[in-house]
Amino acid sequence: MHFRPLHDRVLVRRIDAEERTAGGIIIPDTAKEKPQEGEVIAAGPGGRNEQGQLVPLDVKVGDRVLFGNGPARR
């Protein structure tokens, strides 16, 4: 399915956290935090400024991004 976000929206796929630490300790699912890192799957064309000109996004498909767990921007 082809998915294209509108305006300045971005679709991000979470990147799963490592199952094991560098020292070899296995982390159980109950102790894991949701990953806050992801890969951009799709991005809209950008937003418009006060003059009506299209301002492209700073991210593109394939970029790795960090995001917060807070509420959505709008």
Side-chain angles (χ1 to χ4, degrees):
M1 180 172 106
H2 182 69
F3 188 86
R4 187 181 65 139
L6 299 175
H7 308 293
D8 60 349
R9 306 299 178 148
V10 177
L11 178 64
V12 177
R13 177 186 303 143
R14 285 185 191 264
I15 296 175
D16 292 330
E18 292 293 322
E19 300 284 328
R20 164 182 311 234
T21 65
I25 298 172
I26 297 175
I27 303 170
D29 289 336
T30 56
K32 289 182 190 174
E33 294 181 16
K34 285 188 177 180
Q36 294 182 1
E37 184 178 2
E39 178 184 359
V40 176
I41 301 301
R48 301 237 176 226
N49 62 13
E50 290 84 22
Q51 291 79 29
Q53 299 168 332
L54 184 65
V55 179
L57 297 175
D58 292 335
V59 297
K60 60 186 180 306
V61 175
D63 286 351
R64 290 179 76 149
V65 295
L66 296 176
F67 54 89
N69 286 338
R73 192 170 57 112
R74 292 185 203 176

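- Closest non-hydrogen pair, Pro5 versus Pro45, comes out as O-CD, 4.0 Å.
- Residues that satisfy the side chain to side chain donor-acceptor pair (under 3.5 Å) test with Arg64, not counting sequence neighbours, are Glu37.
- Going from atom CD1 of Ile41 over to atom CZ of Phe3 covers 11.0 Å, rounded to the nearest 0.5 Å.
- The distance from the CZ atom of Arg14 to the CD atom of Gln36 is 7.5 Å, given to the nearest 0.5 Å.
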Could you go step by step and tell me if Leu54 and Arg48 meet the side chain to side chain contact (heavy atoms under 4.5 Å, CB included) rule? CA-CA 5 Å; Leu54 184 65; Arg48 301 237 176 226; 3.8 Å; yes
Side chains of residues 56-63: which donor-acceptor pairs under 3.5 Å do they make with residues two or more places apart or in other chains?
from, atom 1, to, atom 2, distance (Å)
Lys60, NZ, Asp63, OD1, 3.3
Asp63, OD2, Lys60, N, 3.0

